[in-house]
Amino acid sequence: MKDSDFLALVENVYAFHTKRAPGIPIAVQMVLLAREKLGKAKLGAVAETQVCLSDAIQFLTGCTIGNKYLILLDKIGKYALTLYDRKDGRGIRVWVDLEKIDPEKMPETRKFFTRTRDPIVVTDMQARKESGKIIVDEFIANGRDIFSWRQIQMKNYAKPPIAAAKVCKQCKESFLVQAEDDEICLICSKVHDYYEAV
Ligand SMILES: [Zn+2]
């Protein structure tokens, strides 16, 4: 892929994500690398973190939360992804390899992935922007050299069965049941009562 094509792709993902997050150029290259190594496949994806990586996957592969071809395992919390073939579960996992991020050559990137940047980036938008620019520049200079990848076999890649629906005895709204004997929804049962009526 030409540099100009890559940068155009990155712009599209920035727009989709609605933020110019410095992880996005990195995420785009991770997706492209996994796709190249996987070859022709009916794509499924796994994101091991939520953040911008999951948006790059959704935008570039069409594997989304909504169509369930993106499995979001964000509790793992790693800047890593897998693309796999939905037919046979054959996959490629790509991850950011800290061992390959030379702290001399890519100091800001190393801090970014270890969450050790100057805390000012949390509160000061200008400092955040400058740090983000350094990370992107460091990445453009070093490219895919900071990734590792390996072939994997997915253990469980079947689509989850379609859940049955019931009508909540309390609020009368239809909901998808988790367990056979559920009679009231997770809002009425206060498990996920995330709002207050006003
Ligand atoms: Zn209810």
Side-chain angles (χ1 to χ4, degrees), residues 1-37 43 45-67 69-83 92-150 192 194-196 198:
M1 176 178 288
K2 285 190 298 187
D3 283 355
S4 56
D5 292 345
F6 168 67
L7 293 174
L9 211 49
V10 169
E11 285 302 323
N12 288 333
V13 181
Y14 281 146
F16 178 70
H17 183 61
T18 74
K19 284 183 206 167
R20 299 183 75 83
I24 284 180
I26 298 171
V28 169
Q29 280 295 5
M30 290 172 75
V31 173
L32 295 176
L33 175 62
R35 245 158 99 163
E36 277 172 36
K37 298 297 177 193
L43 282 186
V46 181
E48 297 184 16
T49 184
Q50 191 168 359
V51 300
C52 54
L53 181 70
S54 60
D55 274 351
I57 295 170
Q58 294 191 92
F59 184 85
L60 295 169
T61 67
C63 300
T64 69
I65 307 261
N67 63 28
Y69 294 137
L70 173 62
I71 302 170
L72 185 60
L73 299 180
D74 57 308
K75 288 202 170 61
I76 296 174
K78 292 183 180 178
Y79 212 83
L81 62 84
T82 288
L83 295 187
I92 301 290
R93 180 175 183 264
V94 178
W95 67 99
V96 168
D97 192 335
L98 271 191
E99 303 268 290
K100 295 182 177 175
I101 302 182
D102 185 340
E104 303 283 312
K105 271 163 66 188
M106 305 184 74
E108 197 67 7
T109 305
R110 192 162 174 103
K111 287 180 193 161
F112 178 60
F113 283 114
T114 52
R115 294 235 161 143
T116 52
R117 285 191 291 172
D118 189 326
I120 198 167
V121 299
V122 178
T123 50
D124 183 333
M125 285 318 288
Q126 191 55 35
R128 190 185 182 85
K129 217 173 140 184
E130 278 161 22
S131 166
K133 191 177 176 313
I134 296 169
I135 294 164
V136 173
D137 289 347
E138 287 179 356
F139 177 65
I140 301 283
N142 290 274
R144 292 179 174 184
D145 292 350
I146 67 168
F147 305 141
S148 285
W149 66 274
R150 73 161 52 111
H192 285 307
Y194 71 96
Y195 64 84
E196 275 169 2
V198 290

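All values below come from the heavy atoms of this structure, side chains included, with hydrogens, waters and symmetry mates left out.
The distance from the NZ atom of Lys2 to the CG atom of Leu7 is 11.5 Å, given to the nearest 0.5 Å. Note that the CG atom of Asp145 and the CD1 atom of Ile101 stand 11.0 Å from one another [nearest 0.5 Å]. If you take CE on Met106 and CD1 on Ile135, they are separated by 9.0 Å, rounding to the nearest 0.5 Å. Atoms CD1 and OG1, on Ile134 and Thr109 in that order, are 9.0 Å from each other to the nearest 0.5 Å. The distance from the NZ atom of Lys75 to the CD atom of Gln50 is 10.0 Å, given to the nearest 0.5 Å.
Leu32 has its side chain within reach of Arg144: a pair of non-hydrogen atoms, C-beta onward, lies under 4.5 Å apart. At a threshold of 4.5 Å between non-hydrogen side-chain atoms, the residues Leu72 and Ser54 count as touching. Contact annotation: the side chain of Ile26 approaches that of Phe113 to within less than 4.5 Å [non-hydrogen atoms, C-beta and beyond]. Side-chain atoms of Thr18 and Asp55, non-hydrogen and from C-beta on, never get closer than 4.5 Å to each other. Contact annotation: the side chain of Val136 never approaches that of Arg20 to less than 4.5 Å [non-hydrogen atoms, C-beta and beyond]. With a 4.5 Å cut-off on side-chain heavy atoms, Gln29 and Phe139 count as touching. The side-chain heavy atoms of Asp97 and Phe147, taken from C-beta on, include no pair separated by under 4.5 Å. Side chains of Trp149 and Lys37 form a contact here, defined as non-hydrogen atoms less than 4.5 Å apart.
For Phe6, the ring-ring contact (aromatic ring centres under 6.0 Å, His included) test picks out no residue, with sequence neighbours left out.
Taking each heavy atom of Ile57 and Ala47 in turn, the nearest pair found is CD1-CB, 3.7 Å. The two residues Ala80 and Leu53 have their closest heavy-atom pair at O-CD2, 3.3 Å. Considering every non-hydrogen atom in both Ala34 and Val94, the closest pair reads CB-CG2, 3.7 Å. Shown here for Ala21 and Tyr14, the closest heavy-atom pair between the two residues is O-CE2, 3.4 Å. Residues Pro107 and Glu138 approach most closely at CD-OE2, 3.2 Å, considering heavy atoms. In terms of heavy atoms, Thr82 sits closest to Arg93 at OG1-CB, 3.3 Å.
With a 6.0 Å radius and a threshold of 12 heavy atoms from other residues, nucleotides or ligands, Asp5 has its CG atom above the threshold. The number of heavy-atom neighbours closer than 6.0 Å to NZ of Lys100, taken from other residues, nucleotides and ligands shown, is above 12.
Remark: Arg128 does not engage Asp124 in a salt bridge, criterion side-chain N to carboxylate O under 4.0 Å.
One side chain, Glu108 or Ser131, offers a donor N or O that lies under 3.5 Å from an acceptor on the other.
Between the Arg110 side chain and the Leu98 main chain, a donor and an acceptor come within less than 3.5 Å of each other. The backbone N or O of Gly23 sits less than 3.5 Å from a side-chain atom of Tyr79, completing a donor-acceptor pair.
For the side-chain contact (heavy atoms from CB on, under 4.5 Å) test with Leu83, the passing option among Leu60, Leu43, Leu33 is Leu43; the others fail.
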